[in-house]
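Written below as structure tokens is the structure these notes are about.
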Amino acid sequence: MKIAVSSTGNSIDDKMDQRFGRCKYFAIYDTDSKECKFIKNPGIDMQSAAGSSAAELVADNAVSKVVSGNFGPKAENTLKSFGITMINAKDTEKSVKEIINEFKN
Amino acid sequence: MIIKDYRIAIASGKGGTGKTMVAVNLMYAIKDIIDGKIQLIDCDVEEPNINIFTKGSLNSEKEVAIKIPDINTDKCIYCGKCAEYCAYNAIIFVKSIPHIAVMDDLCHGCGACSYACETEGAITEKNHALGTVSKYNISDKIEVIEGRIKVGNALAVPVIKAVKKESEKNALVIYDSPPGTSCPVIETINDVDYVILVTEPTPFGVNDLKLMVETVKKLGKNMGVVVNRVGLGTDDLYDYLNVENIEVLMKIPFDRKIAGIYSEGKILVDELPWLKQEFIDLFKKIHI
């Protein structure tokens, strides 16, 4: 299973980004291979449709669960249409690594 | 006086400076000296408020819509060309699933997706309602036309285009513009003969007026300024207007009595004869 975490940077020590649609990077973690890769989120510079485009991006990477702080209405509807589970980690100060570790157990 | 085919826009840059107040009271002040038809058009489609003052009876209402794509997933071959052509990211496309969907509210109705699609019957077009255009009769020669966008719709320009289409060649037309300097304002003022800029002598008023003056200059329109709430703020506004050589058409004092009458939804020029005369003088200045 693949999990996406919205991230403030492109390393696992960076903090989770509170924003889904306009986060800097997505960390895509594969629970089977234990590998983690980072993809830049083009939505950060978009005038509109950042949320739905980010949802499209994670869906294209075959992600089943997304961890972030805030999901906008367009992001939420699009993620729902893909059947992707949203996990709300609002106000967490945790790093991407710490969030990923919670899925290892 | 008979005036035909003359268009005035009341604009501001900053919001809340008194655009609607000037538009409505200008119309009421000059109605008795104009023999032909007057149309007062509310282009502030995000919050139209002219008819709160004019209290006209609804004559007709029609829907404003654009054409948006309707994707037939049985015929779609999931090539993704439509999503690639879409400048507004309104088509959600994931090849690996495969999944395709249109985000109705993001679509600007440009038709690029229909052009891009090479699969017969995969994309057809359907109407997507954006708002309404309503006509109100005030008297046999005065008409108020109001554009109003649907809650949740972000596309003001097509609704402004639709409301402006109702303006008549043989009439004196007054457009009440939205605030700001963006697309809805450009759409409102792009075909007018004169732009009245309403501002106030505060730092925000000056800052936003400057942006608006630059915009009107680019469009090559004649303009003049109405200063509202005179007595507030500083001289910066007057200094700027002097340097730019822009005419002050009228000054409206910062006065509790004016605010009181206006807040009750009454027509200022009906209550204050001196103000009526000033609006008539203003009109004579701009209509040469």
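With 3.5 Å as the limit, one finds no donor-acceptor pair spanning the side chains of A:E56 and A:S53.
Ion pairing between a basic and an acidic side chain is recognised when a charged N comes within 4.0 Å of a carboxylate O; B:E146 and B:R148 show such pairing.
Using a 4.5 Å cut-off between heavy atoms, B:F93 touches chain A through backbone and side chain atoms alike. Looking at A:T78, only its side chain comes within 4.5 Å of chain B, counting heavy atoms on both sides. Heavy atoms closer than 4.5 Å to chain A are found in the backbone of B:I91, but not in its side chain. Looking at B:I97, the atoms closer than 4.5 Å to chain A (heavy atoms on both sides) all sit in the side chain, from C-beta outward.
Here B:Y175 and B:Y194 keep their ring centres 6.0 angstrom or further from each other.
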*Evaluate side chain to side chain contact (heavy atoms under 4.5 Å, CB included) for A:N61 paired with A:F26, printing each intermediate quantity in order.*
CA-CA 11 Å; A:N61 280 275; A:F26 280 108; over 6 Å; no

